[in-house]
Amino acid sequence: MVNLIPRLVVAAPASGHGKTTVSTGLMAALHSRGLAVAPFKVGPDYIDPGYHTLAAGRPGRNLDPVLCGEELIPPLFAHGAHGCDVAVIEGVMGLFDGQLGSRGFASTAHVAGLLKAPLLLVVDVRHTSRSAAALVAGMDRFDPNISVAGVVLNQVGSTRHENEVREAIAELDIPVVGALPRKLAIEAPSRHLGLVPAAERHDAGIHAMGETVAQHLDLDAIMSLASGAEPLAGTPWDPSAVVSPPSPKRPRVAVAGGRAFTFRYPETDELLVAAGCDPVVFDPLADAALPENVSGLWLGGGFPEVHATELDANTSLLTDIRQRVGAGLPTVAECAGLLYLCQQVDGHQMVGALPLTAFMGERLTMGYRSATSEADTLIGRIGETITGHEFHRTVLAESASRSTVAGDQETNDGGVVRAARGEADDAAVDATAAWVLNGRPDGFATATLHASYLHVHWAGHPQLAQRFADAVHCHD
């Protein structure tokens, strides 16, 4: 199969140049034109895709060669872009910044090359003028496998300033397809882990981003760039090709949603459905109990620490989950889900299914992790190694000693209790670490429970989805 969908990657020389603003605004502007827009994000980030979902009216998806393998990037793209008129892919960090120590593996440039997609470079010019052209030239020529197809100027101070930069870039024969003025009140607000998730905002701001981009960028020129993408060969990813229903039943899986649990990859639900399960979303902030007749529980990423007071107040749901998990309900909990199953988070009562207490730490724990299972558990198999991503500021009360490697890069923070077992009334017993991350234990796992800080893209490791589904079918 050959994919001819118009597509482009929105990149920048570094973080902070305006990739998310331009990408989200472009998705919204094209969607407002009546186009079916496929939104994507390079890397593991789960917040930007939330904005993309609102802007495009379709699920924002991630393209990460570390989590899924580079061979899966074109199929995942083709799957997510099926039936669309155009795809907009927001890059990550600077254009050539990828996994540390890998010479740019999983960078924006790497993914653009895998997708044969033109690059739209966003450049913040507030502290420069003609020198911006030298920056664009360097970006264009650094890697012979990619080239800059167009430029968007951001933070332009005046018409005179814009003209000076445009004239300099024109000498490179690279078109400037738009310029955004300074002091536009369309940037998304941020907090301790980045942008505030879209699900937590009453967001007329997405519409404003689209209107602003439509006003200041040449959408026809951008669509022309996207239409210049080379044909992309390959077969779309198909979840039913990698998992299958273990029984004819359709057991229900309760999936945490709402403002406190805003993240899961769309492919997670698609794999569960392909494996014969029916995901049912519930809101831990509002629902008094788990949905009826569920045979599994999936707790994904989010910000329970931000909503701890409300979560604490929903005592009936806390009790229901504690009792169900303690009774063997197959449960997977990632990062925020791990915190939610603890005894407390920053002094607020949580589910209490794990004999752990969490609190906000001083440093960010972030980075890709190689994870090995040290036992056969709900989704792990002894000696099996997978790849995931860790991203949090919380620390578990019984965690190993911490040693910072770099302030906002990778740290060895995190760890989980091995010694504290069965201290809560309904806590799991006979537990082991969910994973061993680069030599240190993380999480808490049994035959029916997997709770870890690690985010795993199940499309890259579909056997995990299959094992969870198998347990859910057996529990039904």
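Numbers here are sequence positions counted from 1.
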Might you confirm whether atom CZ of Phe105 has over 12 heavy atoms from other residues, nucleotides or ligands at distances under 6.0 Å? yes
Looking only at the aromatic ring of each residue, does the gap between the centers of His455 and Phe263 stay below 6.0 angstrom? yes
Heavy-atom check, side chain of [X] versus side chain of [Y], under 4.5 Å:
X      : Y      : result
Asp278 : Pro251 : no
Arg467 : Arg381 : yes
Leu299 : Val255 : no
Leu232 : Arg7   : yes
Leu63  : Ile89  : yes
Phe359 : Val345 : no
Val273 : Pro279 : yes
Phe77  : Val111 : no

Do the ring planes of Phe96 and Phe142 sit parallel (below 30°), tilted (30 to 60°) or perpendicular (above 60°)? tilted
For the residue pair [X] and [Y], confirm or rule out a side-chain donor-acceptor distance under 3.5 Å.
X      : Y      : answer
Asn62  : Asp64  : no
Gln463 : Glu384 : yes
Ser107 : Asp97  : no
Tyr453 : Thr394 : yes
Asn314 : Glu310 : no
Thr20  : Glu90  : yes
Thr387 : Ser370 : no

Arg322 CZ to Leu317 CG distance, which is reported to the nearest 0.5 Å: 10.5 Å
Closest approach of Phe391 to Cys335 (non-hydrogen atoms, all atoms of both residues): O-SG, 3.8 Å
Using a strict threshold of under 4.0 Å (side-chain N to carboxylate O), is an ion pair present between Asp48 and Lys41? yes
Using 4.0 Å as the upper bound for N to carboxylate O, is an ion pair formed by Glu270 and Arg61? yes
Qualifying residue, where the test is side-chain hydrogen bond (donor to acceptor under 3.5 Å, both in side chains) with Trp435 and the options are His450, Glu390, Glu374: His450
Run Tyr340 and Phe261 through ring pair (Phe, Tyr, Trp, His ring centres under 6.0 Å) and show every step you take. CA-CA 10 Å; Tyr340 187 53; Phe261 292 88; 5.3 Å; yes
